[in-house]
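What follows is a set of notes on a single structure, which appears directly below.
Atom set for the values below is all heavy atoms of this structure, side chains included, hydrogens, waters and symmetry mates excluded. Naming: A, B, ... by sequence-line order, numbering from 1 per chain.
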Number of protein chains: 2
Amino acid sequence: MTAQEKKRYHHGDLRRVILDTAMTMLAEPAGVNFTLRAVARRAGVSHSAPYKHFEDKAALLTEMALVGFDQLTAALDNSVQVAPEGFRSKFFAAAAAYIDFARQNPSLYRLMFGGEFGTISAHLDPRALKTFDFAVKLIEQGQQEGQVRERPLKGQATACWAQIHGLTMLELNSLLQPEKVGENVIEQAIVALHEGLNI
Amino acid sequence: MTAQEKKRYHHGDLRRVILDTAMTMLAEPAGVNFTLRAVARRAGVSHSAPYKHFEDKAALLTEMALVGFDQLTAALDNSVQVAPEGFRSKFFAAAAAYIDFARQNPSLYRLMFGGEFGTISAHLDPRALKTFDFAVKLIEQGQQEGQVRERPLKGQATACWAQIHGLTMLELNSLLQPEKVGENVIEQAIVALHEGLNI
DNA sequence: ACGCACAAGTTGACACTGTCTACATGGAGG
DNA sequence: CCTCCATGTAGACAGTGTCAACTTGTGCGT
């Protein structure tokens with residue numbers, strides 16, 4: 001774990017290094033078309049070293065998407081812990097945190113939901129489903145507080161996710177510009193969504 | 001326009017042929033990673049012929065996305081014309097037509113909203129905005145019929161589009177499987193959306 | 001303490017891609 | 001009829017994902 005260990009022939013941490021490097025490159029402007037060889041170069045290893053840790057480029061991308069879901073879930077969890085008590089407060093906090101995450105990691109968010117690669121299968125992974133579970137639990141708590149009408153839990157959670165995800169996508173694609181679509185569309189939409197859940 | 005005109009050195013229709021061929025290949029299974037050279041091969045021209053009609057591969061993809069928006073708008077227009085009178089009827093018809101389009105052209109739909117390439121700019125193209133205009137007009141008609149509460153028109157239209165788009169994405173990514181999420185989630189979500197608009 | 005199997009690296013090759021430049025063709029307009 | 005120029009072709013180039021063959025050196029059982 002010392003500094004010079006990086007020079008070891010087997011530095012034992014290459015998988016993590018490659019993953020981190022790839023995440024970094026994805027986050028850079030125009031990092032969408034990042035290349036496997038470029039990742040290896042920046043990581044300081046040969047161009048085929050990544051194949052010892054990831055079967056495919058698709059496998060790396062899938063893992064990256066899953067890391068993205070981990071981070072998103074963590075951001076959501078954190079937002080509701082920080083937010084004041086009450087369903088309404090936590091609901092708006094979570095929605096804001098979700099969209100913020102996408103705004104700050106647009107390429108990653110697109111990778112997570114793009115489905116261009118093996119990514120589609122990633123959505124059925126437990127790590128991705130955790131994000132869905134978060135929504136379910138939040139709605140459930142709202143029902144227990146009497147703030148959300150009693151309907152099939154998963155249906156409501158799905159509707160919520162769909163709405164927020166749709167908004168996020170439109171936002172990422174610059175379709176929610178105020179001059180085109182009016183001010184605070186996002187806020188309005190979330191308010192409407194909340195009203196829809198409300199008793 | 002006769003059959004043998006295809007053999008002309010300049011057959012004068014290459015742009016359309018290339019576009020059609022590319023659309024066909026995109027529609028095929030695993031056509032997501034379709035290649036420019038493969039399009040040229042199938043079109044029976046040299047590998048660099050497409051460059052006389054499209055500056056880039058990105059330019060071709062952008063044009064394909066715009067064609068997708070044309071088709072989607074046409075499908076929506078048709079659905080409301082066929083549907084019985086009344087806002088509710090037309091609203092549900094349009095929602096169903098939208099999701100159907102995506103289900104039948106998943107790769108195209110992803111291309112339209114993926115934003116991986118120059119596609120993002122395509123969303124600001126008039127041809128893409130027509131789809132948005134459709135939603136606006138539909139809601140407007142609902143308001144005139146007294147079926148939709150009076151709120152900022154574009155805000156409501158955006159919320160609708162976001163919801164449907166979000167649902168569509170989840171559906172395309174196989175996240176709406178009945179055993180995971182309950183039966184008829186889509187219908188429920190659309191009903192909820194309609195209720196949200198309703199007075 | 002020793003030697004060795006095997007995981008973890010490297011190098012080099014292959015087919016293929018997007019794109020550029022130079023050249024060929026032939027249809028339309030003076 | 002001739003010639004210009006849009007439209008096509010051929011070939012080259014750097015760069016990519018992936019594979020196979022080779023090297024290295026670490027952890028294990030004896």
Side-chain angles (χ1 to χ4, degrees), chain A residues 1-26 28 30-65 107 111 114 116-119, chain B residues 1-23 25-26 28 30-65 107 111 114 116-119 121:
Chain A
M1 301 203 182
T2 65
Q4 64 270 27
E5 290 206 33
K6 282 197 171 184
K7 298 195 153 192
R8 294 187 312 186
Y9 194 94
H10 304 73
H11 60 45
D13 213 14
L14 229 203
R15 185 188 157 92
R16 169 124 296 132
V17 170
I18 286 176
L19 196 53
D20 290 350
T21 307
M23 294 291 275
T24 303
M25 295 185 70
L26 181 65
E28 291 168 1
V32 194
N33 304 319
F34 84 102
T35 184
L36 207 49
R37 289 171 103 109
V39 173
R41 270 193 298 270
R42 194 182 292 199
V45 293
S46 77
H47 63 249
S48 53
Y51 282 87
K52 300 292 167 175
H53 300 274
F54 300 94
E55 188 170 1
D56 253 339
K57 185 182 186 183
L60 173 58
L61 291 170
T62 301
E63 181 61 28
M64 292 170 71
S107 300
L111 173 64
E116 314 279 338
F117 320 91
T119 316
Chain B
M1 302 200 181
T2 65
Q4 63 270 26
E5 290 206 33
K6 282 196 171 183
K7 298 195 153 189
R8 294 188 311 186
Y9 193 94
H10 304 75
H11 60 45
D13 213 14
L14 229 202
R15 185 187 156 93
R16 169 123 296 134
V17 171
I18 286 175
L19 197 53
D20 289 351
T21 308
M23 293 290 276
M25 294 185 71
L26 181 65
E28 290 169 0
V32 194
N33 305 318
F34 84 102
T35 185
L36 206 50
R37 289 171 103 110
V39 173
R41 271 193 297 269
R42 195 183 293 200
V45 293
S46 78
H47 63 251
S48 52
Y51 283 86
K52 301 292 167 175
H53 300 274
F54 300 94
E55 188 171 1
D56 253 338
K57 186 182 186 184
L60 173 59
L61 291 170
T62 301
E63 180 60 28
M64 292 171 70
S107 300
L111 173 65
E116 315 279 338
F117 321 92
T119 316
S121 60

Value in whole Å for how far the [atom2] atom of [N] lies from [atom1] of [X]:
X: Asp56(A); N: dC19(D); atom1: CG; atom2: C1'; result: 12 Å
X: Leu61(A); N: dG17(D); atom1: CG; atom2: C1'; result: 12 Å
X: Glu55(B); N: dC20(C); atom1: CD; atom2: P; result: 8 Å
X: Arg41(B); N: dT17(C); atom1: CZ; atom2: C1'; result: 10 Å
X: His53(B); N: dT19(C); atom1: NE2; atom2: C1'; result: 16 Å
X: Leu14(A); N: dT10(C); atom1: CG; atom2: C1'; result: 12 Å
X: Lys52(B); N: dT9(D); atom1: NZ; atom2: C1'; result: 9 Å
X: Ile18(B); N: dG8(D); atom1: CD1; atom2: P; result: 8 Å

(message) Using a distance-only criterion (donor-acceptor N/O pair, under 3.5 Å, no hydrogens), is the base of dT18(D) paired with the side chain of Ser48(A)?
(response) no
(message) Taking atom types as they are modelled, would you say the side chain of Arg37(A) forms a donor-acceptor pair with the base of dT18(D) within the 3.5 Å cutoff?
(response) yes
(message) Within the 4.5 Å heavy-atom criterion, are Glu63(B) and His53(B) side-chain neighbours or not?
(response) no
(message) Taking the side chain as everything from C-beta on, heavy atoms only, tell me whether Leu14(A) gets closer than 4.5 Å to Lys52(A).
(response) no
(message) Rounded to the nearest 0.5 Å, what separates atom NZ in Lys57(A) from atom CZ in Arg37(A)?
(response) 11.5 Å
(message) When you measure from the side-chain N and O atoms of Thr35(B) to the phosphate of dC16(C), is any distance below 4.0 Å, counting only OP1 and OP2?
(response) no
(request) Verify the contact: side-chain N or O of His47(B) to OP1 or OP2 of dC16(C), cut-off strictly under 4.0 Å; return yes or no. (result) no
(message) Quick check: closest heavy atoms across Ser46(A) and Pro50(A), and the distance to 0.1 Å?
(response) O-CD, 3.7 Å
(message) Pick the closest DNA chain D nucleotide for Lys57(A) and for Ala49(B) by heavy atoms, then say which residue is nearer the 5' end.
(response) Ala49(B)
